[in-house]
Undergrad: 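Take this structure first; my questions come after.
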Protein chains: 2
Amino acid sequence: MAHEAPFQLLHSELIHYICKTADGADSENGRSVTKLENMGFRVGQGLIERLTKDTARFKDELDVMKFICKDFWTCVFKKQIDNLRTNHQGIYVLQDNKFLLLSHMSAGKQYLEHAPKYLAFTCGLVRGALSNMGVKSIVTAEVSVMPACKFQVMIQKL
Amino acid sequence: MAHEAPFQLLHSELIHYICKTADGADSENGRSVTKLENMGFRVGQGLIERLTKDTARFKDELDVMKFICKDFWTCVFKKQIDNLRTNHQGIYVLQDNKFLLLSHMSAGKQYLEHAPKYLAFTCGLVRGALSNMGVKSIVTAEVSVMPACKFQVMIQKL
């Protein structure tokens, strides 16, 4: 019964609060997005610690990514990633066809400009989770048609 | 598997973020608590709308309070309120013996001074939920031994 609602509503309040204090300039908008990303990073770190407490060791990078797409995604967003693709050279694309944190916005292009705010926390979330598993990455997101979106993970080789 | 973790960690980040910007003066602390309470209020409003979409009409105030203690509490905190008491004159005391948002803090009195920050959002949550059901209230909280706490709801007769 609406199990995902508390998280989703709290996330919306957070965006509202952080962006309200920004003054509307582009630089301020960018700073809000960075703040959200950083918060996501720390939540991702905490979350993966709890989720991997009793799991077996991951055998490789792909195994780690599958865990993010299934267990991690289900824990946060109550569904799995719909499609995972990779070029086998450190780039992964995670596609969610009905992303929870966009699901309250109208489909179509009307609110497309607001999408980055609603994706920044989750980019950080994935980056934080991977970071705690020893995988350094850059995570970006794009939306073409709401509420579907794609997260691109670029692994940073050490 | 750790279903309550995303909400709990996001709530902690929120407190961290809001209190970080406060300068440590008592007035600023009070303002942070008020901000958290207000955010809780709006989340509570949104949440109760979804939860009551398909429920039957509530027959009285006590019936509303029972819904808060069972369905509403379970949705947010993954457990029911352990004890509900009332003086039948508009005061209700909701006791949670293991409150999720305090469960990561050590038991005992060491961090007791930080408790108000961790309860403010939930006070607002309850007030917002009741408000959307047409019940105006004042909600306060107290902790004697972590992680148990009591929420007192004073109904404001119109």
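Note on naming: letters A, B, ... go to the chains in the order of the sequence lines (proteins, then strands), and numbering restarts at 1 for each one. Values below: every heavy atom of this structure, side chains too, minus hydrogens, waters and symmetry copies.
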Undergrad: How many angstroms lie between NE2 in His11(A) and CG in Leu14(B), if you round to the nearest 0.5 Å?
TA: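 Rounded to the nearest 0.5 Å, the NE2-CG separation comes out at 12.0 Å.
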Undergrad: Could you tell me the separation between the CZ atom of Arg42(A) and the NE2 atom of His16(B), rounded to the nearest 0.5 Å?
TA: 5.0 Å
Undergrad: So does Lys70(A) have more than 12 non-hydrogen atoms from other groups sitting under 6.0 Å from NZ?
TA: no
Undergrad: For Lys79(B), I'd like to know if atom NZ has over 12 heavy atoms of other residues, nucleotides or ligands within 6.0 Å.
TA: yes
Undergrad: Which residue, Arg50(B), Gln45(B), Glu49(B), Met39(B), forms the side chain to side chain contact (heavy atoms under 4.5 Å, CB included) with Leu9(A)?
TA: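 When Arg50(B), Gln45(B), Glu49(B), Met39(B) are each tested with Leu9(A), the side chain to side chain contact (heavy atoms under 4.5 Å, CB included) holds only for Arg50(B).
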Undergrad: Mind checking the CG-CD spacing from Asn38(A) to Glu13(B)? Nearest 0.5 Å is all I need.
TA: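 One finds 9.0 Å between CG of Asn38(A) and CD of Glu13(B).
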Undergrad: Examine Ile138(A) and Met65(A) and state if one hydrophobic cluster contains both, with Ile, Leu, Val, Met, Phe, Trp and Tyr joined whenever side-chain heavy atoms are less than 4.5 Å apart.
TA: no
Undergrad: For Lys117(B), look at atom NZ and say whether over 12 heavy atoms of other residues, nucleotides or ligands are found less than 6.0 Å away.
TA: yes
Undergrad: Show the nearest heavy-atom pair for residues Tyr17(A) and Tyr17(B), with the distance to one decimal.
TA: CE2-CE2, 3.6 Å
Undergrad: I want to check something: taking the side chain as every heavy atom from C-beta on, are Val43(B) and Pro6(A) in contact at a cut-off of under 4.5 Å?
TA: no
Undergrad: Any link between Phe151(B) and Val33(B) through a network of hydrophobic side chains (Ile, Leu, Val, Met, Phe, Trp, Tyr) touching at under 4.5 Å?
TA: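 Each belongs to a different hydrophobic cluster.
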Undergrad: So among His3(B), Lys78(B), Glu4(B), which one has a side chain to side chain contact (heavy atoms under 4.5 Å, CB included) with His3(A)?
TA: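 With His3(A) as partner, side chain to side chain contact (heavy atoms under 4.5 Å, CB included) holds for just one option, Lys78(B).
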Undergrad: Would you say Lys98(B) has more than 12 foreign heavy atoms packed within less than 6.0 Å of its NZ?
TA: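 Incorrect, the count does not exceed 12.
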Undergrad: Under a 4.5 Å heavy-atom cut-off, does chain B meet the side chain of Lys53(A), its backbone, both or neither?
TA: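 For Lys53(A), neither part sits under 4.5 Å from chain B.
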